[in-house]
Number of protein chains: 2
Amino acid sequence: MGRPRGFDREAALDAALMTFWEHGFDAASVARLTGAMGITPPSLYAAFGDKKALFREVVARYQATWGAYFGDALAEEPTASGGIALALHRAAAAFTDDAHPRGCLVISSAVHCTPDATDVADELRDIRNANLLLLEERLRSDGEPAPATRARYAGTILQGMSQQARDGATRAELEAVAALAWPPPVAPALRTGTASGVAAG
Amino acid sequence: MGRPRGFDREAALDAALMTFWEHGFDAASVARLTGAMGITPPSLYAAFGDKKALFREVVARYQATWGAYFGDALAEEPTASGGIALALHRAAAAFTDDAHPRGCLVISSAVHCTPDATDVADELRDIRNANLLLLEERLRSDGEPAPATRARYAGTILQGMSQQARDGATRAELEAVAALAWPPPVAPALRTGTASGVAAG
DNA sequence: GCATTTCCGTAGTGAGCGCTATAGAATGCG
DNA sequence: CGCATTCTATAGCGCTCACTACGGAAATGC
């Protein structure tokens with residue numbers, strides 16, 4: 001009942017996702033967001049609540065779509081170590097995909113923020129640390145040695161690769177880094193979605 | 001001639017350094033800076049120019065002081081590989097030192113910024129990429145294989161460790177990551193400033 | 001047609017941003 | 001001393017921030 005919404009909510013959410021991904025939480029002003037979403041501020045606030053709520057919805061959508069490659073890779077491979085190798089390899093491709101901004105939204109979009117937005121930065125940090133714990137448990141259940149250290153090592157690589165991508169590293173360069181950081185136990189040619197002929201050095 | 005300055009310029013610069021280090025360029029407002037520096041805005045602008053000029057001076061001071069450990073380690077060790085191992089080990093300690101904010105200022109203080117401050121973010125990225133090139137040349141001159149990939153790999157580790165430190169990782173955890181990432185060719189006990197008994201896992 | 005409900009564009013809220021005009025205070029020089 | 005010079009503090013500049021009051025437009029239910 002009443003006048004229906006005049007824009008596609010999911011499309012607007014995706015536009016907001018790209019804006020937050022590229023500029024981060026603080027630098028993505030409401031004016032920038034509404035410009036990218038093709039709506040006006042009142043429509044944004046009616047549909048999503050406020051800027052923080054929109055960001056939280058964006059993060060959830062990111063985790064369910066663009067950011068799902070890591071968990072998928074872990075689930076596909078029989079061993080945790082192999083899953084991490086595959087995940088880092090896919091991260092190299094994902095972080096440099098021209099279809100969206102570079103790097104990882106969860107890693108880079110809120111490293112610093114203004115005093116009244118510290119909670120969103122804390123939430124992203126909690127997500128990262130929770131993922132670290134999940135990774136550690138997966139390694140431990142596989143009987144791997146030093147699961148906590150190896151989980152944190154994988155997280156370190158991933159976060160470093162994200163910033164490297166933002167600094168201009170190419171997909172091939174990141175794939176070489178991933179291969180050096182976590183050598184795969186199986187032949188790379190057997191992987192899915194692999195770019196052949198990784199240049200090293 | 002004239003009234004002398006009523007505050008210590010270097011002390012104020014150090015206070016600004018800590019503020020930028022902790023909050024990043026954007027979130028470190030002039031009000032926050034002047035509060036930490038113990039001066040008023042006109043004094044800041046008379047002594048340092050504007051916010052960007054102050055930040056550039058802070059970055060230079062950081063590189064000459066807190067951020068000098070990496071180049072120092074490279075210069076101390078006879079081989080590039082050994083120097084990187086030592087540098088990463090020292091980074092683990094530096095990034096978690098309670099005497100200052102966590103992580104690396106050059107890495108974390110300007111990953112995102114508002115539209116009229118993109119130049120300072122670009123400058124920091126240029127510094128990072130220049131350091132990467134220096135590292136690559138050092139590896140190449142030492143006859144190491146795949147110097148570009150190994151240099152980028154070291155940079156990836158360093159950037160990842162910086163964010164890990166900001167996410168709450170302890171010094172021991174980061175040292176374990178560093179040891180896993182770049183195993184030292186010499187016994188760790190021979191190093192300087194090393195914490196004994198690194199816990200792995 | 002009509003009343004009702006919801007959405008949308010204009011315009012503007014108070015607050016904080018980087019930055020500065022202005023006036024007073026503190027020094028060195030004669 | 002008076003004077004010139006430089007620093008400091010108050011106060012406020014124009015601007016953008018996240019956010020919203022308001023009136024008109026567009027849809028539904030009767």
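Note on naming: letters A, B, ... go to the chains in the order of the sequence lines (proteins, then strands), and numbering restarts at 1 for each one.
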- Message: Can you tell me if S43(B) touches the phosphate of dC7(D), counting only side-chain N or O atoms and a distance under 4.0 Å to OP1 or OP2?
- Response: no

- Message: Just the rounded figure in Å: distance from P of dT20(C) to CZ of F48(B).
- Response: 16 Å

- Short side-chain N/O contact from T40(B) to OP1 or OP2 of dA9(D), under 4.0 Å: yes

- Can you tell me how far P of dC7(C) sits from CZ of F7(A), to the nearest Å? 9 Å

- Message: Below 30° counts as parallel, above 60° as perpendicular, anything between as tilted: where do the rings of F95(B) and Y69(B) land?
- Response: perpendicular

- Cationic N near anionic O, under 4.0 Å, E76(B) to R90(B): yes

- Is the shortest heavy-atom distance from the side chain of T19(A) to the side chain of V58(A) under 4.5 Å? no

- Query: Tell me: CG of D116(A) to P of dG16(C), nearest whole Å?
  - Reply: 9 Å

- Task: Check the distance between dA25(D)'s P and R5(A)'s CZ and give it to me in whole angstrom.
- Result: 22 Å

- Take nucleotides 22-30 of chain C nucleotide by nucleotide from the 5' end and write B, S or -, depending on whether a protein heavy atom sits under 4.0 Å from the base, only from the sugar-phosphate, or from neither. --BBBBSS-

- Could you tell me the separation between the CZ atom of R9(B) and the C1' atom of dT8(D), rounded to a whole number of Å? 17 Å

- Give the rounded distance in Å between these two atoms: CG of L33(B) and P of dC19(C). 11 Å

- Query: In a check of salt bridge (charged side-chain N to carboxylate O under 4.0 Å, His left out) between E123(B) and each of K52(B), R56(B), R128(B), which one passes?
  - Reply: R56(B)

Using the 3.5 Å cut-off, write out each protein N or O paired with an N or O of nucleotides 17-19 of chain D and the distance between them.
from, atom 1, to, atom 2, distance (Å)
dC17(D), OP1, S29(A), OG, 3.4
dA18(D), OP1, V30(A), N, 3.4
dA18(D), OP1, K51(A), NZ, 2.8
dA18(D), OP2, V30(A), N, 2.7
dC19(D), OP2, Y45(A), OH, 2.8
dC19(D), OP2, K51(A), N, 3.1
dC19(D), O5', Y45(A), OH, 3.2

- In whole Å, what is the span from the CZ atom of R32(B) to the C1' atom of dG18(C)? 15 Å

- Item | D167(B)/R102(B) under salt bridge (charged side-chain N to carboxylate O under 4.0 Å, His left out): CA gap, chis, key distance, verdict | CA-CA 9 Å; D167(B) 279 359; R102(B) 293 193 153 223; over 6 Å; no

- So, for A165(A) and T96(A), which heavy atoms are closest and what is the spacing to 0.1 Å? CB-CG2, 4.2 Å

- Query: How close do A47(B) and R9(B) get, heavy atom to heavy atom, and via which atoms?
  - Reply: O-NH2, 2.9 Å

- Query: What is the ring orientation for F55(B) with F20(B), classed by angle as parallel under 30°, tilted 30 to 60°, or perpendicular over 60°?
  - Reply: perpendicular

- With a 4.5 Å limit on heavy-atom distance, are the side chains of T40(B) and T34(B) in contact? no

